[in-house]
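Throughout, residue positions are numbered sequentially from 1 according to the sequence presented.
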Amino acid sequence: MPRLLTRLLAAALAVFSLSAFLSPAVHAATTAAVFPSEIIGENFPDPDVFEQNGTWYAYATNGSRGTLPVATAPSANGPWTVRGDAMPGGPSSAWAQPGRTWAPDVYPNSDGTYTLTYTAWHKASGRQCIGVATATNPLGPFQPVGTAPLICPLELGGAIDANTFVANDGTRYLVWKNDGNAISQPSTLWLTRTANNGQTLVGGNTAMLTSSGVIEAPDLVQRGSQYVLFFSGGGYNDCNYLTSYATSTSLSGPWTTAYRPLMTTATFDSHVCGPGGADFVGDQVFVHGWVNGGRHLYVADVGWANDYPVVRGSRVRYEAERGTLNHCVVRSNAAGASDGKVVAYIDYADSWVENTVFAPVAGSYTLSVGYANGSASTASHGLVVNGNNAGSVSYPVTGWDNWQQSSVPVTLNAGWNTIRLTKGDLYAEVDYLEVQ
């Protein structure tokens, strides 16, 4: 018989933290998600990666391996071998002192040379500033260029985290951060045009994003319809570090920050702690994660859903009420629900709700359904994936407006897929779907 029509309707939407929205499933089946692979199991932070002539190269912030640790591999997934120090002479002795040589960016130039843009410890001020070095081999040795930093706005706290961006029209830029955090001031991500293989600045600086919190490690990607500016937030030395992004149809902005971060400890179900310092290279992303006091290097597959990034293994939420509904309804003012709306009354033989979801690559994924079940016992919905019967999703009793998750493995095609929930046993409401 249909469930009672009388329910508790909350007057306001309960406020939850991001970690609550993206927490692992409570009632979870064996996961089918493919999480990022650890490819360098030692301290290798702030990665910069590129591929050339069948060899992959990765560079990291200074550490026990030297000023500019470098590693190589035959593929993005490895096996990776740390080769040593690509800048054994250290940063420029004219303006920098050893130590605190951070966030390298190595770009292969068309003339066969390589430009390194690095952050170093400014002797005169004690702040961090950005310098340049060059080499004729990707393994080095890189030799500093000039007797002064390339970018060093001391009144703004200095500069860190430069990253080369070359637009589709060939124009070359650096994206970088003024280190306002070092002087208890806001930080901004900037865009500056360069010339001479990235050794010379051209024109002024364009502000992209500003934050009173930590915003750093920019990485800019151009897609067909827009630019995507990735950045890290939080403290790098714990699991609160994360990767988010903003989009714009123009390099001059305005920039719109994503509603939810792209990668967090929670979206990876704690398989990567504090995923940050991301470097997007084609259909892969390289990211460091906090492990026993260091930052190890990971890689994951990336797909582009209408030019928005999707990382395999990181939860992506789809609000059920934004899907296609048949003989069911959207219930608003649902207390504690994501966005305050849910799909209700999936109660009839012809009732269903269908959402379109995106998979970066074909393969195994985990589908988590946010639900509430006020029935007397376990309820369920039938599960149809891309028009094919894929079993069911079971929902243990929670009570109405007590939102939990239930998870099942699914197999998805690369690109867009349809997931339909149909009438099953008893009654449950659906808040959202998450795919990872």
S.K.: State whether the side chain of Thr265 and the backbone N or O of Gly274 hold a donor-acceptor pair below 3.5 Å, judged by distance alone.
M.R.: yes
S.K.: I'd like to know if the side chain of Thr194 and the backbone of Thr200 have a donor-acceptor N/O pair within less than 3.5 Å.
M.R.: no
S.K.: Hey, which of Asp269, Thr366, Thr267 is the one that makes side chain to side chain donor-acceptor pair (under 3.5 Å) with Arg315?
M.R.: Asp269
S.K.: Keeping Asn178 on the side-chain end and Thr188 on the backbone end, is there a donor-acceptor pair under 3.5 Å?
M.R.: yes
S.K.: So, do Tyr107 and Tyr114 have ring centers that fall under 6.0 Å from each other?
M.R.: no
S.K.: With a 4.5 Å limit on heavy-atom distance, are the side chains of Thr171 and Val166 in contact?
M.R.: no
S.K.: Does Tyr308 have more than 12 heavy atoms from other residues, nucleotides or ligands lying within 6.0 Å of its OH?
M.R.: no
S.K.: What I'd like to find out is whether the side chain of Pro218 reaches to under 4.5 Å of the side chain of Trp176, using heavy atoms alone.
M.R.: no
S.K.: Look at the aromatic rings of Trp95 and Tyr118 and report parallel, tilted or perpendicular, splitting at 30° and 60°.
M.R.: parallel
S.K.: Only one of Pro47, Pro45, Cys273 passes side chain to side chain contact (heavy atoms under 4.5 Å, CB included) with Arg295; say which it is.
M.R.: Pro45
S.K.: What residue among Thr247, Asp307, Thr249 forms side chain to side chain donor-acceptor pair (under 3.5 Å) with Ser225?
M.R.: Asp307
S.K.: Is Asp431 salt-bridged to Lys341, cutoff N-O under 4.0 Å?
M.R.: no
S.K.: Which is it for Asp111 and Thr113 under the side chain to side chain donor-acceptor pair (under 3.5 Å) test, yes or no, and what are the steps along the way?
M.R.: CA-CA 6 Å; Asp111 62 3; Thr113 65; 2.6 Å; yes
S.K.: Please report the C-alpha distance between Ser338 and Glu319 in whole Å, then the side-chain angles of each, then the deciding distance to 0.1 Å, and finally whether the side chain to side chain donor-acceptor pair (under 3.5 Å) criterion is met.
M.R.: CA-CA 8 Å; Ser338 176; Glu319 296 294 337; 2.4 Å; yes
S.K.: I'd like to know whether CZ of Arg193 has more than 12 heavy-atom contacts from other residues, nucleotides or ligands below 6.0 angstrom.
M.R.: no
S.K.: Going by heavy atoms in the side chains, are Ile183 and Arg127 under 4.5 Å from each other?
M.R.: yes
S.K.: Could you go through Glu216 and Tyr241, starting from their C-alpha distance and side-chain angles, then the distance that decides it, and tell me whether this counts as side chain to side chain donor-acceptor pair (under 3.5 Å)?
M.R.: CA-CA 11 Å; Glu216 60 190 21; Tyr241 209 45; 2.5 Å; yes
S.K.: Could you give me the CA-CA distance, side-chain angles and deciding distance for Val285 and Asp279, then say whether side chain to side chain contact (heavy atoms under 4.5 Å, CB included) is met?
M.R.: CA-CA 6 Å; Val285 58; Asp279 189 25; over 6 Å; no
S.K.: May I ask you to decide if Arg100's main-chain N or O and Gln128's side chain share a donor-acceptor pair within less than 3.5 Å?
M.R.: yes
S.K.: With Asp219 as reference, evaluate Phe165, Tyr245, Phe230, Phe286 under the side chain to side chain contact (heavy atoms under 4.5 Å, CB included) test and give the passing residue.
M.R.: Phe230
S.K.: Do the non-hydrogen side-chain atoms of Val311 and Leu262 ever get within less than 4.5 Å of each other?
M.R.: yes
S.K.: Could you give me the CA-CA distance, side-chain angles and deciding distance for Val281 and Phe50, then say whether side chain to side chain contact (heavy atoms under 4.5 Å, CB included) is met?
M.R.: CA-CA 7 Å; Val281 184; Phe50 69 86; 5.5 Å; no
S.K.: Salt-bridge test for Arg420 and Glu354: reply yes if a basic N is under 4.0 Å from a carboxylate O, no otherwise.
M.R.: yes
S.K.: Apply salt bridge (charged side-chain N to carboxylate O under 4.0 Å, His left out) to the pair Glu42 and Arg65, showing each step before the final yes or no.
M.R.: CA-CA 10 Å; Glu42 63 176 75; Arg65 295 282 194 168; 2.9 Å; yes
S.K.: How about His381 and Tyr371: are their ring centroids closer than 6.0 Å?
M.R.: no
S.K.: Heavy atoms, side chains only, cut-off 4.5 Å: are Leu412 and Val435 in contact?
M.R.: yes
S.K.: Applying side chain to side chain contact (heavy atoms under 4.5 Å, CB included) to Asn197 and Thr134, what does each step give before you reach the verdict?
M.R.: CA-CA 9 Å; Asn197 285 345; Thr134 61; over 6 Å; no
S.K.: When rounded to the nearest 0.5 angstrom, what distance separates CG in Asn62 from CG in Asp85?
M.R.: 9.0 Å
S.K.: Apply side chain to side chain contact (heavy atoms under 4.5 Å, CB included) to residues Ser314 and Gln436 and explain how you reach the verdict.
M.R.: CA-CA 5 Å; Ser314 183; Gln436 70 174 165; over 6 Å; no
S.K.: With a 4.5 Å cut-off on side-chain heavy atoms, are Leu174 and Thr164 touching?
M.R.: yes
S.K.: Tell me whether the centres of the aromatic rings in Tyr298 and His271 are closer together than 6.0 Å.
M.R.: no
S.K.: Keeping the roles fixed (side chain from Ser92, backbone from Ala94), state whether a donor-acceptor pair exists under 3.5 Å.
M.R.: yes
S.K.: Please examine the side chains of Val228 and Trp304, heavy atoms only from C-beta on, and report whether any two atoms are closer than 4.5 Å.
M.R.: yes
S.K.: Applying the side chain to side chain donor-acceptor pair (under 3.5 Å) criterion to Asn417, which one of Thr411, Asn355, Asn386 satisfies it?
M.R.: Asn386
S.K.: Any donor-acceptor pair under 3.5 Å linking the side chain of Ser187 with the backbone of Ile215?
M.R.: no
